[in-house]
Asks: 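There's a structure below that I have some questions on.
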Amino acid sequence: MSTTSAPGQTTTDQTGGARPPTPRAAPVEQTSGASAGDQWWRSAVIYQVYPRSFADADGDGMGDLPGITARLPHLVELGVDALWLSPFYTSPQHDAGYDVADYRAVDPRFGTLADADALLARAHELGLRVVVDLVPNHTSWDHAWFSEALAAAPGSRERARYLFRDGRGEHGELPPTSWRSVFGGSAWERITEADGTPGQWYLHLFDVSQPDLDWSNPEVREEFHDVLRFWLDRGVDGFRVDVAHGLVKAEGLPEWDAELEMISGTLAGQHGEARTPPPMWDQEGVHDVYRGWRRVLDEYEGDRMLVAEAWVEPLDRLARYVRPDEMQQAFNFAYLVSPLRAADLRDAVDATAEAMDAVGAPPTWVLSNHDVVRHTTRFGLSTDGGNPDGLDASAAAPDAEVGLRRARAATLLMLALPGSAYVYQGEELGLPDVAVPDDARQDPTWERSGHAVRGRDGCRVPLPWEGDAPSFGFGPTSASWLPQPSAYGELALDRQRDVPGSTYEMYRAALRLRRELALGSSPSLTWTDADGLARVEDGVLALRTGGALVVANLGDTPVRLPDGAEVLLVSGDLAHGGDGRSLPPTTTAWLRDPSPEV
Ligand code: NOJ
């Protein structure tokens, strides 16, 4: 994708100053894998299924694979191309499955390997691709390797799969470094040796139950090639790679005492200064790992893909994960944390296009996932961007109506952008985040931070399918692993289906039009002022892409739409614009482009 400005257009920074259009690097050809025509992931809409909370077939209150399989027709009706499944592997669930005890087995809570095969087969039958989660930075402490490491002696082959070190201090009583865990507290935990004496320490960048693997060890690399093959042989279409920027640590584990944040409200994204990354993130060595994985994927037919979850900045660092011989996609968090303001969003889009064009990779767009406050609520709290800590049940609720209006406008803008888009389960219903009561919280950050960080439970509450059913149709009983708020009933799928103007119908229409107008695969996007009607300095963005003219009014006053352009879809109600032909504030419209660039 490339972005340009129409002749004479300038982009405007936040202070109203004009600057010239973003210069663009020449696109680079992808050198490996299938031809461009086969590269489905370049423009795919990928729907994230969080297995715990999507659909519960057996009624135990925890979602499962048979539940997902039964609900796959929903994804077809919605119009997505693929689904990404968060982890369903055997796990003690200390971090909701991102603590894997066996990478080749399905956790009994979610079903069996046969259920996974059935899900894959049914999805493929329905024309949906399936991406699964891979968690390579750490295992669970219940993984066989970790038990072997605890039973073995310091310096053994078993310990060498993880990052065990002697402690500092006279008796090794101090952690080897000051590194902090992303979830709070020290990133080191001391073990008791097999003979009962206080022993070495192991590194865990996340929960204490998630020991980090040592990726300088060839045995670890071989094991993950084998895990990839295990799932590729079963037919998966790709992998979402958890903490892709964390696998390799700087030689010697140098000292670092700053707080570690994966998801911050201050991720500078495109504005970030180039700087030396901390010793646990974004080390050069990770790229060698992904080149190896790419070679494994390329042995398989069917255009399989890898998508990096890499919280790195600035965007040209992210682009290094999607060079032609590495992964195909990386989540673009710079867009997710961008303030909901015209100039910032335009900057985020331009910077993304520039960085991804330079390596020939498609941009990706995402507004919500299982780690951040749902965007309906984020935007109800503020338009400043960033990801707040989860909601406090005792505090005033954010403005749901304002949040939804902003979220719908942001979503229609996102779904028009060339490249691949991610939709997190429930956003198609406009679900808000939930203020989960403190005594029901399950996210390990809550305990590890001494109740200072509320965590991510609010975006993980089970989905409402039927307004009048027990657990709103999540399962056959009223059981739900996190409490569902009564407001979810009104937002249930069956309350929105075929209801004109509902958020669900807006998503469906957008995905249908996106396909018809080939918006995802549009090679370029041109910013326009729509005949002088849309000005960034007034908070309005207008762009032409594929066959569409898209106008997002994020300003304070209605904006007159160009005469003669057919309105295809609006995130709000044009009647509120005053004259029926003006776009009200906080609203995005898709119009058929009266003069598309061919
Ligand atoms: C990122 C995942 O998205 C998150 O849910 C998890 O807690 C961490 N990685 C650790 O695996």
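Both ligands and their constituent atoms are indexed starting at 1 by order of listing. This structure is a prediction, so every number in the text was calculated from the model and none was measured.
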Asks: Kindly indicate, with the supporting measurements, whether the criterion ring pair (Phe, Tyr, Trp, His ring centres under 6.0 Å) is fulfilled by Y89 and W231.
Replies: CA-CA 12 Å; Y89 315 108; W231 290 103; 5.6 Å; yes

Asks: With R441 as the cation and W446 as the aromatic partner, state whether NZ or CZ is under 6.0 Å from the six-membered ring centre and within 45° of the axis.
Replies: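 Output yes; distance and angle both within limits.
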
Asks: What are the atoms of ligand 1, with element, lying closer than 4.0 Å to any heavy atom of R460?
Replies: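 So the answer, numbered in order with elements, is 5 (O).
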
Asks: Report, in ascending order of atom number, the atoms of ligand 1 lying under 4.0 Å from any heavy atom of H138.
Replies: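 In order of numbering, the contacting atoms are 10 (C), 11 (O).
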
Asks: Hey, are the side chains of C459 and Y50 touching, using non-hydrogen atoms and a 4.5 Å cut-off?
Replies: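 The answer is no, as the side chains (C-beta and beyond) never meet within the 4.5 Å cut-off.
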
Asks: Does H94 reach ligand 1, in the sense of a heavy atom lying below 4.0 Å from it?
Replies: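 No, that is not the case, since the closest heavy atom of the residue is not under 4.0 Å from the ligand.
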
Asks: Centre of W215's six-membered ring, under 6.0 Å away, within 45 degrees of the axis: is that where NZ or CZ of R221 sits?
Replies: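 Output no; distance or angle outside limits.
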
Asks: Using a 4.0 Å cutoff against the non-hydrogen atoms of F206, which atoms of ligand 1 qualify?
Replies: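 In order of numbering, the contacting atoms are 8 (C), 10 (C).
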
Asks: What atoms in ligand 1 come closer than 4.0 Å to a heavy atom of R456?
Replies: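 Matching atoms, with element in brackets: 4 (C), 5 (O), 6 (C), 7 (O).
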
Asks: If the condition is ring-ring contact (aromatic ring centres under 6.0 Å, His included), which residues does F331 pass it with, not counting sequence neighbours?
Replies: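 Only W84, F333, Y422 meet the ring-ring contact (aromatic ring centres under 6.0 Å, His included) criterion with F331.
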
Asks: A cation-pi test, strictly: NZ or CZ of R323 under 6.0 Å from the centre of the six-membered ring of Y321 and no more than 45 degrees from its axis. Yes or no?
Replies: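 Output no; distance or angle outside limits.
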
Asks: Within the 4.0 Å heavy-atom shell around F183, which atoms of ligand 1 are there?
Replies: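 So the atoms of ligand 1 that pass are 7 (O).
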
Asks: Atoms of ligand 1 less than 4.0 Å from E309 heavy atoms?
Replies: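 The list of qualifying atoms is 1 (C), 3 (O).
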
Asks: Report, in ascending order of atom number, the atoms of ligand 1 lying under 4.0 Å from any heavy atom of V243.
Replies: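 Result: 9 (N).
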
